Amino acid sequence: MPRRHLHVTGAAEAPLRAALRALRTELAVPEGFPPAVLAEAEAAAKNPRLPSYDATDLPFLTVDPPASTDLDQALHLARRADGGYRVHYAIADVAAFVAPGGALDAEAHRRVLTLYFPDGKVPLHPPVLSEGAASLLPGEPRPALLWRIDLDAEGRRVATDLRRALVRSRAKLDYAGVQRLIDSGTAEEPLALLRTIGRLREERETERGGISLAVPEQEIVELPGGPAYTLAYRAPVPAEGWNAQISLLTGMAAADLMTAAGTGILRTLPTAPDGAVARLRRSAEALGVAWPHHVSYAQVVRDADPTDPRQAAFLQECTTLLRGAGYSVFTDGRLPDPAVHAAVADEYTHCTAPLRRLVDRYASELCVAAVAGNEPPEWVRAALPALPDEMAAGSRRANTVERESVDIVEAALLGGRVGELFDAYVIDVKEREPTVGTVHLDDPAVVARVEGGTAPLPLGEWLRVRLSEADPGRAKVLFAPA
């Protein structure tokens with residue numbers, strides 16, 4: 001999920017602020033929580049449903065972006081006597097605060113997902129919960145869904161358990177800090193095992209044919225002293241991938257629990273059609289990315305270097321094969337078709353971000369019932385049929401927010417530079433309109449449309465371009481070959 005952190009201040013950002021307000025209006029983004037929702041959240045924060053099992057002796061830690069306070073997950077990793085590993089993964093227990101059918105519940109169904117704008121976020125739940133009483137903040141006892149997943153020495157899952165528990169995180173860490181500790185050899189074992197287990201799970205991902213895309217992100221960065229800001233490219237550090245493997249492991253374990261019980265909701269993705277893979281091969285060739293015929297798509301992706309401009313462009317192209325993901329409900333043991341998520345290469349569900357994503361609360365309840373051998377609660381069964389459409393609509397809005405917000409910031413950054421020349425890298429060309437495509441600027445970190453030339457664009461090559469349009473009010477940046 002996008003995690004963008006920028007607080008825009010000062011009169012100089014007036015056009016940007018106006019464009020972001022217009023985007024909120026266009027997408028009917030909620031501006032605040034109704035009084036009844038806030039009152040219910042305040043009451044729930046003071047009196048949550050607490051579990052009887054106490055796991056506060058486990059020294060959990062969280063790994064998130066530095067500014068995050070809506071902390072969904074905490075982990076504790078350990079070795080087992082037989083040479084394997086034990087993963088304890090605590091997930092914020094939103095159901096301990098949100099009563100089915102109440103005002104909080106209804107508002108969460110209206111919002112579906114936390115939305116991230118450059119000038120702030122629009123949370124799924126009121127901050128008194130999402131950044132307070134329900135968040136796994138360090139030093140605070142919290143109700144949680146506690147997963148215990150045992151792995152063998154090669155990182156294969158051998159046992160799964162889930163129960164409600166009281167937990168307490170000991171430390172709030174960020175990805176860069178975790179990477180430094182692990183690389184320097186100064187990380188204590190529970191944290192040092194993140195690399196060990198993460199790499200083992202990456203090997204198992206390779207084994208089953210799954211992929212994890214390390215696509216460089218455009219980040220909106222506030223400059224020191226403000227209110228100036230810019231865009232930068234950021235390639236994820238390995239610790240982000242290792243941490244993501246723990247979440248993927250949990251999502252696959254949850255899917256197995258639900259499929260065994262016969263009722264659940266899966267995150268599914270069809271296999272990419274041959275034509276899409278063939279097009280990607282042509283892009284790889286044009287970008288100078290080696291892709292021997294005997295090498296699989298998944299292996300090429302794993303070998304790609306996100307810090308190399310050509311390979312970063314190829315990774316961006318790879319995201320086209322991951323479109324079409326959705327949510328599929330099943331009951332009475334009749335699994336959907338497809339039941340597998342093609343990128344994960346296994347059955348999988350979302351269950352690890354309930355503070356920021358509606359569906360996770362329901363998946364967690366289904367898993368708790370499955371482990372206990374009980375039927376799912378009626379409020380869960382009643383909501384299941386509508387969840388795929390609710391999540392699809394919420395995801396479309398969240399994707400639009402992310403895409404349009406970056407476009408608006410790009411336009412605001414370049415607003416006074418129309419007519420200037422830039423060096424750009426051609427990262428995409430339309431097959432049927434070879435004079436139209438996408439270019440990647442190094443400084444500022446802008447990715448935008450290019451059109452207006454008479455010759456086909458040189459995919460994978462540098463091109464001198466002229467900025468022909470930059471209007472944050474229209475959220476559009478356009479270049480033309482110079």
Side-chain angles (χ1 to χ4, degrees), residues 4 6 8 10 12-20 22-23 26 118 215-223 227-235 279 282-289 306-317 319-320 400 402-482:
R4 304 190 182 279
L6 172 72
V8 181
E13 272 65 41
L16 176 59
R17 286 177 174 277
L20 291 172
L23 179 60
E26 178 186 344
V215 182
E217 299 175 346
Q218 281 177 288
E219 282 198 329
I220 301 165
V221 180
E222 193 169 16
L223 297 176
Y229 56 91
T230 189
L231 284 165
Y233 296 115
R234 187 189 70 85
R279 183 185 183 280
R282 292 195 295 273
S283 293
E285 182 178 0
L287 290 166
V289 176
T307 64
D308 178 272
R310 290 175 182 265
Q311 296 185 56
F314 172 70
L315 287 170
Q316 187 61 53
E317 286 291 291
T319 61
T320 61
T400 300
E402 180 179 9
R403 183 181 63 253
E404 295 293 330
S405 291
V406 174
D407 287 350
I408 287 170
V409 172
E410 288 180 337
L413 274 176
L414 296 172
R417 303 179 68 179
V418 172
E420 289 188 27
L421 296 176
F422 297 83
D423 288 320
Y425 192 75
V426 181
I427 62 172
D428 187 40
V429 176
K430 283 196 171 185
E431 285 191 289
R432 296 183 180 180
E433 295 179 82
T435 60
V436 177
T438 305
V439 289
H440 170 302
L441 276 64
D442 274 341
D443 185 21
V446 168
V447 177
R449 185 180 176 91
V450 59
E451 62 179 44
T454 57
L457 294 169
L459 181 63
E461 302 294 337
W462 289 100
L463 180 69
R464 194 75 164 158
V465 295
R466 187 184 306 277
L467 180 62
S468 55
E469 186 174 340
D471 181 357
R474 286 164 24 96
K476 185 177 182 181
V477 170
L478 183 64
F479 290 92

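Bear in mind the structure is a predicted one, so any value in this text is a computation, not a measurement.
Counting all heavy atoms, side chain and backbone alike, Val450 lies closest to Val465 at CG2-CG1, 4.3 Å. Across all non-hydrogen atoms, the minimal contact from Gly452 to Pro481 is C-CD, 4.3 Å. Scanning all heavy atoms of the two residues, the minimum distance from Ala470 to Pro472 falls at O-CD, 4.0 Å. Closest of all the heavy-atom pairs between Val446 and Glu410 is CA-OE2, 3.4 Å. What you find for Ser283 and Leu459 is that their closest heavy atoms are CA-CD2, 4.2 Å. Of all heavy-atom pairs between Ala482 and Leu421, the closest is CB-CD2, 3.6 Å.
Atoms CG and CG, from Leu413 and Leu441 in turn, are 11.0 Å apart once rounded to the nearest 0.5 Å. Between Ile408 atom CD1 and Arg403 atom CZ the span is 11.0 Å, to the nearest 0.5 Å. Ile427 contributes atom CD1, which lies 11.0 Å from atom CG of Leu315 (distance to the nearest 0.5 angstrom). For the atom pair CD of Glu451 and CG of Leu457, the computed distance is 10.0 Å after rounding to the nearest 0.5 Å. Here CD of Glu469 is found 12.0 Å from CG of Leu414. Values are rounded to the nearest 0.5 Å.
In this structure the side chain of Val477 never reaches within 4.5 angstrom of the side chain of Arg449, judged on heavy atoms. Using a 4.5 Å heavy-atom cutoff, the side chains of Glu431 and Arg282 are in contact.
Qualifying side chain to side chain donor-acceptor pair (under 3.5 Å) partners for Glu285, counting only residues two or more places apart in sequence or in other chains: none. Taking Glu461 as the reference, nothing meets the side chain to side chain donor-acceptor pair (under 3.5 Å) condition, with sequence neighbours excluded. For Glu420, the side chain to side chain donor-acceptor pair (under 3.5 Å) test picks out Arg417, with sequence neighbours left out. Phe479 is linked by a ring-ring contact (aromatic ring centres under 6.0 Å, His included) to Phe422, counting only residues two or more places apart in sequence or in another chain.
Within the structure, the ring pair (Phe, Tyr, Trp, His ring centres under 6.0 Å) test picks out the following pairs touching residues 441-468 (sequence neighbours left out): Tyr425-Trp462.
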Step by step, work out the side-chain contact (heavy atoms from CB on, under 4.5 Å) result for Asp471 and Lys476.
CA-CA 6 Å; Asp471 181 357; Lys476 185 177 182 181; 5.9 Å; no
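Side chain of Arg466 to backbone of Gly419: a donor-acceptor contact under 3.5 angstrom is found.
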Between side-chain atoms of residues 433-440 and protein atoms elsewhere (two or more places apart, or another chain), which donor-acceptor pairs fall under 3.5 Å?
none

